[in-house]
S.K.: 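Following this message is one structure expressed as structure tokens.
Throughout, a chain's letter reflects where its sequence line sits, starting with A, and its residues are numbered from 1. These figures come from a predicted structure and were not determined experimentally.
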Protein chains: 2
Amino acid sequence: MSIEPEELIRIARGDQPADLLFKNARLVNVYSGEIYLTDIAIAGEQIAAIGQGYQARETIDLQERYVCPGFIDAHVHIESSMLPPREFARVVLPHGVTTVISDPHEIANVLGLEGIRFMLQDAKYGPLSMFVDAPSCVPATNMETSGSQLEFYDLATLLGNDWVIGLGEVMNYPGTIQGDRRILQKIQTFKGKVIDGHAPGVSGRDLNAYCAAGVGSDHECVNMEEGLAKLRLGMTIFIREATNAHNLEPLLGLMTPEFSSRICLCTDDRHPADLMDQGSIDYMIRHAIAHGVPPVLAIRAGTLNPAEYFRLHDRGAIAPGKRADLVVFSDLQNLQPELVYRGGRLASENGQVIPWERPRANTKTRGTINVHLDSLDFSIPAESKQVRVIGMLADQLITENRVETARIVDGQAVADPGRDIAKLAVVERHFGTGRVGKGFIQGMGLKSGAIACTVAHDHHNIVVVGMDDESMLTAVREISNMQGGMVVVGTDGVHARLPLPIAGLMSDQPVAVVREQYDQLARAAAGLGSTLHDPFMALSFMALSVIPSLKLTDLGLVDVDKFELVSLFA
Amino acid sequence: MSIEPEELIRIARGDQPADLLFKNARLVNVYSGEIYLTDIAIAGEQIAAIGQGYQARETIDLQERYVCPGFIDAHVHIESSMLPPREFARVVLPHGVTTVISDPHEIANVLGLEGIRFMLQDAKYGPLSMFVDAPSCVPATNMETSGSQLEFYDLATLLGNDWVIGLGEVMNYPGTIQGDRRILQKIQTFKGKVIDGHAPGVSGRDLNAYCAAGVGSDHECVNMEEGLAKLRLGMTIFIREATNAHNLEPLLGLMTPEFSSRICLCTDDRHPADLMDQGSIDYMIRHAIAHGVPPVLAIRAGTLNPAEYFRLHDRGAIAPGKRADLVVFSDLQNLQPELVYRGGRLASENGQVIPWERPRANTKTRGTINVHLDSLDFSIPAESKQVRVIGMLADQLITENRVETARIVDGQAVADPGRDIAKLAVVERHFGTGRVGKGFIQGMGLKSGAIACTVAHDHHNIVVVGMDDESMLTAVREISNMQGGMVVVGTDGVHARLPLPIAGLMSDQPVAVVREQYDQLARAAAGLGSTLHDPFMALSFMALSVIPSLKLTDLGLVDVDKFELVSLFA
């Protein structure tokens, strides 16, 4: 509970007992870079004082355990965990994460402002401080049908909300560099707030142009050269360690005293299994320290630096007046959060979340699966003998643009297990337009059946891959029944399913259930022959028309290099 | 001139020539800490790009001279230079200072909001970016009559002004620590903006309480121990090098890579002669480098750090999109600004200010000397034989509380040259109340005549010291004629004068004239026997009732240790 300034000052002065006193705390001082023994007095949600001799209603002797500020994730798409904010909080809090800056661009592509408001509402009064970066690129391109389109005047409606602190990753860096008016209008709308970036591999004059537009950060750096080039131009570098992007190790060299204040940590996209088994920002800090980064620098990158970058001047450090978001741990060389306090209140103990009561709120979202199942037709009448085929590459999001001889049966182009070519379709699911993009994909390993999902960056239409049309129809029917989710279908029916009823992106079940369902999906897909490490992750990027070279949306095949729609038959 | 974002981006991209190109610039990169050769392209008021291959309408080959960001003075009372902002700008610009955070609490004590608005108006459209910290402590105490009193609701009227960026030094640290409601209301009013501090020697629980109140900086540190204690609690440390306070050398140890981002530089109060002969922030940077501080750290403390602390995200570094406030110099070990650019425009060259046209504005202030000369009476009827005497100490602002035997002539207590005791009076000059505080002071060295001034912290009433009442009356009469200023009077009339018609604090003359007049005053005072290094500076602190031990205001003698008014006769 928040207290009056007068009371906080009285407690800091020692004239009134604190609410809580940590005695014998080994304070990690992110300001001075020192670690020393002291006491920490808490009053309400805030730190009142640091030093000896304070009294409190409750005293905890930390017996020289370490205390550092709660961790801040500088950039995360919560939807990628397939969990809504309130359940996501239960997963990351035991890892010491007390504040996240979320860019809800996945749900925004489905539900627009309504989706962003759902996220804000679902996080409200919860144990995690979730700030929102307004999604800058909804939809990602005009070669797809997303459920919503957000222009600057839409985003402007979010400005009055104190939890909306900036503009989310400006992924349309080509547009920005070219001075695209719609992007610049959005940047202008958020003038005076933070503008976050996403500029993979951009350098030289283009990078100058991108920075000149007002973008202040980047989380796409993959090596020191790129990181340094961006840092030199004033960008704050968010080092990312996502489920499918591992940038921490190559960028450890940025975590020096000299650059220290300009480096933050972020997870971007992490699956439940990674969050549970490895962790979040705590994992990155552990990893950095294990690789020789001075502990206070690593901790600062996950606390003070993001607080200052995002102008969250009430947190990120342990000092009088700051929020009492704290992490207690025993081993500096292997930082494992033992106690996590958020606003002076215990939020997690030894990996277990403490129940967090809060007012009930209506956080229902409307159904988002709008498909006319009866008229659905995956057949592809053969127009010629040559088809373009999406060539998957092991563990990569980029694909090859291949041309293969079509396998034609009864005048129809069909899948060919012999050459590992499956049929791929993207079914528009937002407006019931009946639009279906169809094509072929090579490299899934599927022998029979179909798999489908409603997580498909960034438009999140239904992506379905299969070896026969009937299995594909069954898969989409199941998706429709679940109102979104992921499914593996054999010729004998549904093998595994993960319902994602919240916008077709997030589950309403506890994380343990989601994880188990996801594991079942992986096993079921492997049972059908899939050779991919994570077939659903792979599938979710096959419809993303901003990553080269050939992708499929509901509007058809996209030649990403040419940035245009191309015909299926070559 | 400001340009459209589209144009800036086009120039950054290299598709349109820049306005100005610095070729072969040795860029001091305050982000990365590096210094390297490159080109810098300027468009309008902003930096467009860093790198080779740009074209421009005007190209300047810097022949490997250094370029760093324009300097930022984190805390200055411009009035202490006795120059209004537009003339002050002409003095500091040649020293590379392009932005100052000014706390106009001197003029605010005389003219209140009207005075603050005068400062803003006088700085407007000028060559120096002058931001304002709203004065938090007007008046300093209730044991004096100042010309104005500013409550939180007065200060709130400044909030809408983009140039008002925070709350000025919270000098009433005892009140803050005690939870004084009027101070906390002011802090609350500026919540979300910076709250600057002033807490000399405050430590331990008191310092915790002061920080808990929300104060974020301090410029009163005098040694490493104090600096570190404050830095550990989250305060940003402004290292000060004023005319009468020299804190740079003892605090050089704070300028390390570890603390680097939390250290700023400020001048607080500097006289014209010091500004002209030594410099401003440039002097501090030179000094720090000469004492072994790594050059980039010293420069960062005078550029990026204050920009970030004050959330002036448009400046403080040389990067695309930032303001083109630049300093060109040749010698890193002896940084002497040669070219100073402000907003892409040359503002000073080799110490000479470039004329800066701007719209005419009405910046007249009303007269502030309101004294009934006819009824003025400095006589002190003897009430007893013992009087309290202010004991001056060489080069110190603190005084001793002495009791001496009064020299009594015709029933009147009078000055006594034999014991170096002069009469001191403080004449209320704001409201014509006729209030005159009278007392004695020991240690000025005056043999005859009188000296007087209207610069008297913080109420700025007329302080006059003299060996006979007639000379004192002549001095005050001259002050009234000048509508404020400083004067030295002998028994034969006025020996020297410095008119300060703007609020009794600032001259309307060029700095060279002010300096010459000030030097004449010093010579004239010495001619009357004054042994002080700077008698007017000393005099201006004899009426400041917050510095121990005995001071005089228009209400009478103040025992500062007891914080109460005391009688003259002991």
S.K.: Examine whether an atom of A:I187 lies under 4.5 Å from a heavy atom of chain B, and if so say whether it belongs to the side chain, the backbone or both; otherwise answer neither.
M.R.: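 Neither; nothing under 4.5 Å.
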
S.K.: Should we count CD of A:Q55 as having more than 12 external heavy atoms under 6.0 Å?
M.R.: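 Count not over threshold, so no.
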
S.K.: Closest heavy-atom contact between A:A49 and B:N208?
M.R.: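 Result for this residue pair: CA-OD1, 3.1 Å.
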
S.K.: At a heavy-atom separation under 4.5 Å, does B:Y36 approach chain A through its side chain, its backbone, both, or neither?
M.R.: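 For B:Y36, the contact with chain A is made by the side chain alone.
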
S.K.: Considering only heavy atoms and a distance below 4.5 Å, find which of B:G14, B:S32, B:G321, B:G33 pairs most often with chain A.
M.R.: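 If we count pairs closer than 4.5 Å to chain A, B:S32 comes out on top.
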
S.K.: Between A:Q178, A:Q52, A:Q188, which has the largest tally of heavy atom pairs under 4.5 Å with chain B?
M.R.: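 Heavy-atom pairs under 4.5 Å are most numerous for A:Q178.
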
S.K.: Does any heavy atom of chain A fall under 4.5 Å from the side chain of B:I11, the backbone, both, or neither of them?
M.R.: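 Neither the backbone nor the side chain of B:I11 comes within 4.5 Å of chain A.
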
S.K.: Who among B:R10, B:R311, B:E34 has the most heavy-atom pairs with chain A under 4.5 Å?
M.R.: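 If we count pairs closer than 4.5 Å to chain A, B:R311 comes out on top.
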
S.K.: So how far is it from B:N29 CG to A:L228 CG, rounded to the nearest 0.5 Å?
M.R.: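 Reported value, rounded in 0.5 Å steps: 10.0 Å.
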
S.K.: Which one of B:R262, B:K230, B:M235, B:E258 satisfies the side chain to side chain contact (heavy atoms under 4.5 Å, CB included) criterion with A:Y31?
M.R.: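 Among B:R262, B:K230, B:M235, B:E258, the one meeting side chain to side chain contact (heavy atoms under 4.5 Å, CB included) with A:Y31 is B:R262.
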
S.K.: Highest number of heavy-atom pairs under 4.5 Å with chain B: which of A:C211, A:A319, A:G234?
M.R.: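 That would be A:G234.
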
S.K.: Based on non-hydrogen pairs under 4.5 Å, which of B:A213, B:G192, B:S260, B:A317 is most in contact with chain A?
M.R.: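 When all of B:A213, B:G192, B:S260, B:A317 are compared, B:A213 has the most.
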
S.K.: Is the backbone N or O of A:I50 less than 3.5 Å from a side-chain atom of B:R232, with the two atoms forming a donor-acceptor pair by type?
M.R.: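 Here the side-chain-to-backbone pair does not exist.
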
S.K.: Between B:T176 and chain A, which part of the residue has a heavy atom less than 4.5 Å away: side chain, backbone, both or neither?
M.R.: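 Contact with chain A involves the backbone of B:T176 alone.
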
S.K.: Indicate yes or no for a side-chain donor-acceptor contact from A:R205 to the backbone of B:G53 under 3.5 Å, with no hydrogens or angles considered.
M.R.: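 It does hold such a pair.
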
S.K.: For A:A212 and B:L8, which heavy atoms make the closest approach, and how far apart are they?
M.R.: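 That would be O-CD2, 3.5 Å.
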
S.K.: Between A:S261 and chain B, which part of the residue has a heavy atom less than 4.5 Å away: side chain, backbone, both or neither?
M.R.: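 Answer is side chain: those atoms of A:S261 sit under 4.5 Å from chain B.
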
S.K.: With a 4.5 Å cut-off on heavy-atom pairs, point out which of B:G51, B:A209, B:G179 contacts chain A the most.
M.R.: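 Most heavy-atom pairs within the cutoff with chain A belong to B:A209.
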
S.K.: With the side chain counted from C-beta on, respond yes when A:D206 and B:R13 share a heavy-atom pair under 4.5 Å apart, and no when they do not.
M.R.: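 With C-beta onward as the side chain, the pair touches.
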
S.K.: Is it the backbone or the side chain of A:L184 that comes under 4.5 Å from a heavy atom of chain B, or both, or neither?
M.R.: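 The answer is the side chain of A:L184.
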
